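Report on one structure; see the data block that follows.
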Amino acid sequence: QVQLVESGGGLVQAGGSLRLSCAASGFTFSSYDMGWFRQAPGKEREFIAAISWIVRTTSYADSVKGRFTISRDNAKNTVYLQMNSLKPEDTAVYYCAARFRGRLDNLNTGYNYWGPGTQVTVSS
């Protein structure tokens with residue numbers, strides 16, 4: 001069965017960095033677009049970043065553009081989220097998500113497989 005497992009979350013000071021990983025199994029990883037989302041307490045889940053299955057097209061939310069970088073390693077069935085210059089407002093549970101290859105102009109939606117999430121807390 002499809003399984004996504006995030007890791008790498010934790011507590012970091014403002015201005016610091018973290019790298020999240022998401023290990024995928026149970027599907028043909030190289031044929032799926034992969035995304036990262038987050039949900040802060042009392043807020044709706046929001047799109048953060050995504051990378052396409054082919055051409056490696058990426059998409060970012062404005063709030064993280066220039067600070068976060070998404071990448072993937074198809075040989076390891078893993079997608080990463082490098083987070084730099086972290087801010088207290090980045091505090092949230094971060095979720096990895098997958099969707100079967102879709103349009104490159106809407107990488108922020110349409111995901112149907114989700115991981116359980118990993119907590120990221122940024123202290124001021």
Side-chain angles (χ1 to χ4, degrees):
Q1 70 278 19
V2 172
Q3 191 169 20
L4 300 172
V5 180
E6 303 94 340
S7 62
L11 174 64
V12 64
Q13 288 189 334
S17 298
L18 282 175
R19 188 175 84 152
L20 304 183
S21 299
C22 173
S25 61
F27 62 101
T28 306
F29 181 76
S30 58
S31 294
Y32 279 68
D33 302 320
M34 299 299 297
W36 285 96
F37 293 73
R38 70 185 181 189
Q39 187 167 19
K43 296 187 177 181
E44 293 187 354
R45 186 162 55 190
E46 64 172 342
F47 167 77
I48 293 301
I51 185 166
S52 65
W53 72 285
I54 197 169
V55 186
R56 302 295 173 92
T57 298
T58 57
S59 178
Y60 295 92
D62 288 342
S63 58
V64 306
K65 204 170 291 184
R67 299 189 298 124
F68 291 10
T69 303
I70 189 171
S71 61
R72 65 189 297 160
D73 185 338
N74 287 349
K76 296 182 178 180
N77 286 2
T78 301
V79 61
Y80 305 96
L81 186 68
Q82 178 66 43
M83 306 187 294
N84 299 328
S85 302
L86 283 162
K87 305 174 181 179
E89 51 264 43
D90 293 319
T91 295
V93 177
Y94 283 70
Y95 298 92
C96 172
R99 72 174 198 188
F100 187 67
R101 53 197 187 192
R103 290 174 50 172
L104 298 182
D105 60 352
N106 69 345
L107 283 170
N108 61 335
T109 190
Y111 292 84
N112 45 11
Y113 297 118
W114 297 86
T118 185
Q119 176 70 46
V120 171
T121 302
V122 184
S123 63
S124 57

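Source: prediction; values computed, not measured.
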Is there a continuous path of hydrophobic side-chain contacts, each under 4.5 Å between heavy atoms, that joins [X] to [Y]?
X   : Y    : value
F29 : L4   : yes
L81 : V122 : yes
V5  : Y94  : no
W53 : L107 : no

Closest heavy-atom pair and its distance - [X], [Y]:
X    : Y    : value
A49  : Y60  : CB-CD2, 3.6 Å
A50  : Y111 : CB-OH, 3.3 Å
T57  : L104 : OG1-CD1, 3.8 Å
Y95  : G115 : CD2-O, 3.4 Å
S124 : A14  : CA-CB, 4.3 Å
S17  : N84  : OG-OD1, 2.9 Å

Taking S52 for the side chain and I54 for the main chain, is one N or O donor matched with an acceptor at less than 3.5 Å? yes

I'd like to know if the side chain of R45 reaches the main chain of V93, judged simply by a donor and an acceptor atom lying under 3.5 Å from each other, with no hydrogens or angles considered. no

Restricting to pairs with a member in residues 74-99, which pass salt bridge (Lys or Arg N to Asp or Glu O under 4.0 Å), not counting sequence neighbours? D33-R99, R38-D90, R67-D90

Say you draw a straight line from [atom1] of [X] to [atom2] of [Y]; how long is it, rounded to the nearest 0.5 Å?
X    : Y    : atom1 : atom2 : answer
W114 : E6   : CH2   : CD    : 10.0 Å
F27  : Q3   : CZ    : CD    : 10.5 Å
T91  : Q119 : OG1   : CD    : 7.0 Å
N108 : I48  : CG    : CD1   : 11.0 Å
T69  : R19  : OG1   : CZ    : 11.5 Å

Residue pairs meeting disulfide (SG to SG under 2.5 Å), one or both in residues 29-104, sequence neighbours left out, come to C22-C96

Which word best sums up how the rings of Y113 and Y32 line up, parallel for under 30°, tilted for 30 to 60°, or perpendicular for over 60°? tilted

Got a sec, which residues hit salt bridge (Lys or Arg N to Asp or Glu O under 4.0 Å) with R56, two or more places apart in sequence or on another chain? none

Have a look at W36 and tell me which of V64, L20, I51 forms a side chain to side chain contact (heavy atoms under 4.5 Å, CB included) with it. L20

